Amino acid sequence: MPQEPTELVRDLTEPQRRAVLHVDGPLLVLAAAGSGKTRVITRRVARLVALGIPGWSILALTFTNKAAGEMRDRVNALLGEGSRASRGLTLTTFHALGARLLRKYAPLGAVPGLKGDFTIYDASDQQALVKKVLEGLQMSAGNWSPRSVLSAISAAKNDLLDAAAYARSAGGYYEQQIARVFESYERALRAAGAVDFDDLLVLTARMLRTDARVRAEVQARWRYLLIDEYQDTNRAQFEIARLIAGEGAQSGGPALPAELEPAGPNICVVGDPDQAIYGWRGADIENILDFEKHYPGAEVIALGENFRSTAPILGAADSLIRRNRRRKHKDLFTSRPGGDPVEIVVTQDEHHEARVVCDWLRSHSLAETAGGLAWRDMAVFYRTNALSRVIEEQLRSGGIPYVIARGTAFYEREEVRNALAYLRVIANQADDISLLRIINTPARGIGKASLDRVIEAATARGLPVFSLLREPGTVKDLSARACSAVRAFVALIDGLTGHGAFMGADVPASLAELVERAIRDSGLEALYRQQAGASGAASDEDRLANLSELVSSAAEFEQKYDPASDPALDGAGASTPPLLAMLRAYLESVALVADADTVDPERGSVTLMTLHAAKGLEFRAVAMIGLEEGLLPHARSLENEHAMEEERRLCFVGITRAMRRLLITHAKYRSARGFAERTMPSRFLDELPPEHCTRRDLARDGFIDDGPEAAPAPSAGRGRDSGPPGPFPPGSLVRHPQFGVGKVLAVSRGPGARARVEFREAGVKTLVLEYAGLKQVGEARGRA
DNA sequence: GTTGCCAAGTTTTTT
DNA sequence: ACTTGGCAAC
């Protein structure tokens, strides 16, 4: 039997309890950081189920797959082992929900021009497609950077404008040109049987709006809707939520007694305006601020008490976020006294910063101190992914286990992308972008010239490239050699699919086998094996290892895959061969991984991630690096007050992830694009309360602050464990007896230390400090 | 057709 | 620094 509802609220605060006990009608939970939000939503879902509401009528939308999985685990734990009641709960992300609804309803014609077997294009696929489109329109990729074109298209989509609507609203020449690309891009996507990430939301919203039958079906099924991180929803997501929530249990009949009057849609949203950090991708904070306007009669519950962080950490967070002007003030409070101050440390450069962070992590580890922390309790946050590298190197050399939360990193590797491209062609032969990626990888005699002829023929006839490959004889001027190479390629694909039947003695029977065969039969394996053998380079060994890891991931997916819950196999899709359906589901799951999905607390490692990926997580000890003007706040936000406030919220999110200890660092010099530059401390550092922070300056380049004549400052003591630093910090000017004046690019440390110096006349040289006879000249201004 | 080298541009954050 | 695209040599 399900647990008594009273069990579910016993240990909660009053507002938490109210939120958990709410059943019907709209509910807004304003959950401050660390206020037990996850607890509240999982309890509420468990309670709905305990009340007898069937699991299949509950839809919960989270920001990442991982959050969805955790929620499922916690709900199951609350309802007791083996509870059947939670079965059928739909716990997923907006994007995965969109994919699922489109797979189910597109085959029924609910989305014009889209079939159910679509491929999901990621950013680099989109880029490749836009380049192709620009070429087709004779617009040079030089003047029209695919990047900016795509961001304009994405912004339009997030605003629910389709190509035609965008074209109508396009004002100037630039926008009109973008509109042309937009239209052509959409056509190319559909022709390739593909959707981009934005489409997963936009097409879903449009389908729900225009197709009354789909809308009715969805509304009839999901009677209870819950949305987490609502402050980060965009227009399309708002629309999807609104359309699924419907009007509530409207009777449509004669007036009912007040107590039976429908309470409105059963939509519960949870979020915190102070943690809105996705404005740049169209998220609209107004969605949460205006919730009561959109859903009249909504109950509003504020969770303010913080159960996560110590008072100094919370004090720092509060003092920072108060600086935002566009904000409804709310008090953050904790009843837990004590706690160590927030440590703010200035380091010499990013390498020094990395050492300080590693030392700090180690000093808190279980091995070092009684009552210390496990590695998995610690995390390092940074504003941009590029900052992770130096930290990684230091952690690796220091023997500290770590994982990087970058969900797509594995799937972005060249060899993995190639293997996936084969699978995508198998799953959808209209997918030109994937086809062009692998048709001559490894080289099989279909070179650029031949390919251009095939593409030309395909374009002329308005057909996918693959269909031309099936009759190479009809392609004008295609050499006999190329023809036979093309036939061999088609035979390769047909061999893997059993000519589309996915059946037969010579055809793979399982997904893992299909992936393995694709890698082997295509020659990818041989390609990397040959390279690995020839050069002996470790990276090519890695590539082979990554390919076999891909096979394992397919095998793992296969274990968990349940055809009964595959929306693509409903109704119109029922005749799809099971292996093909599984392959498509696998490719979809690969396309929709989030960075945070890779966070695995079981692995016993320090977690490295961007501040964005950190949202929703907590760690006992957190180090935040790179608190510098131009980094956090990011350079792209300096001019714009809204963007600046979002940066501040991002910093706030980082601080509030920390439960017990927080280290914030700023490097005095940091190299970007190969040049070390002097930095400025982040303005956010000035906004932290002195009474809750300790500040230490471990940088030691006194001669720069004090002029070229002054001696270097004395040793900084702590944090330098690998010998004396190079005496010339990156960025400084030096004189070499032979090469003259140059700018120091990088310095290595320890015995035999070298410096890379860019000389005005002689170019870049690497010099051993001991012998080079370099003399300090002064601080560089700009480039040498 | 294939391979390897050089030049240029390049970066925020993510589903 | 690091990738990507173009071009020349094989």
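Below, chains carry the letters A, B, ... as their sequence lines are ordered, and counting in each starts from 1. It should be emphasised that the depicted structure is a prediction, and the values quoted were computed from it without experimental measurement.
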Nearest-Å distance, [atom1] ([X]) to [atom2] ([N])?
X: A:H612; N: B:dT15; atom1: NE2; atom2: P; result: 10 Å
X: A:Q237; N: B:dT15; atom1: CD; atom2: C1'; result: 9 Å
X: A:N65; N: B:dT14; atom1: CG; atom2: C1'; result: 13 Å
X: A:D198; N: B:dT14; atom1: CG; atom2: P; result: 15 Å
X: A:R453; N: B:dG1; atom1: CZ; atom2: C1'; result: 12 Å
X: A:L631; N: B:dT13; atom1: CG; atom2: C1'; result: 12 Å
X: A:F652; N: B:dT13; atom1: CZ; atom2: P; result: 23 Å
X: A:L102; N: B:dT15; atom1: CG; atom2: C1'; result: 14 Å

[X] near the nucleic acid: base, sugar-phosphate alone, or nothing, with a heavy-atom cut-off under 4.0 Å?
X: A:F94; result: nothing
X: A:R481; result: nothing
X: A:K131; result: sugar-phosphate
X: A:D122; result: nothing
X: A:R649; result: nothing

Testing the 3.5 Å rule here: is there a donor-acceptor pair between the side chains of A:Q231 and A:E229? yes
Do A:R406 and A:S388 meet the criterion of a side-chain donor-acceptor pair at a distance under 3.5 Å? no
Taking only the side-chain nitrogens and oxygens of [X], find out if one of them lies under 4.0 Å from OP1 or OP2 of [N].
X: A:N158; N: B:dT15; result: no
X: A:T408; N: B:dT14; result: no
X: A:N385; N: B:dT13; result: yes
X: A:R389; N: C:dA1; result: no

Would you say A:E456 has more than 12 foreign heavy atoms packed within less than 6.0 Å of its CD? no
By nearest nucleotide on DNA chain B, pick out whichever of A:F197 and A:I446 is the more 5' one. A:I446
Of A:G447 and A:E646, whose nearest nucleotide on DNA chain B comes first from the 5' end? A:G447
Counting the benzene-type ring for Trp, do A:F63 and A:Y278 have ring centres under 6.0 Å apart? yes
I want to know whether A:W280 and A:H612 have ring centres closer than 6.0 Å. yes
Would you mind checking if A:R326 and A:E286 are paired as a salt bridge, meaning a charged N to carboxylate O distance below 4.0 Å? yes
Please give the distance between the C1' atoms of C:dG6 and B:dT11 as a whole number of Å. 22 Å
If you check the [X] side chain, which of [options] turns out closest?
X: A:A449; options: B:dT15, B:dT14, B:dG1; answer: B:dG1
X: A:S450; options: B:dT13, B:dT15, B:dG1; answer: B:dG1
X: A:R673; options: C:dA1, B:dT15, B:dT13; answer: C:dA1

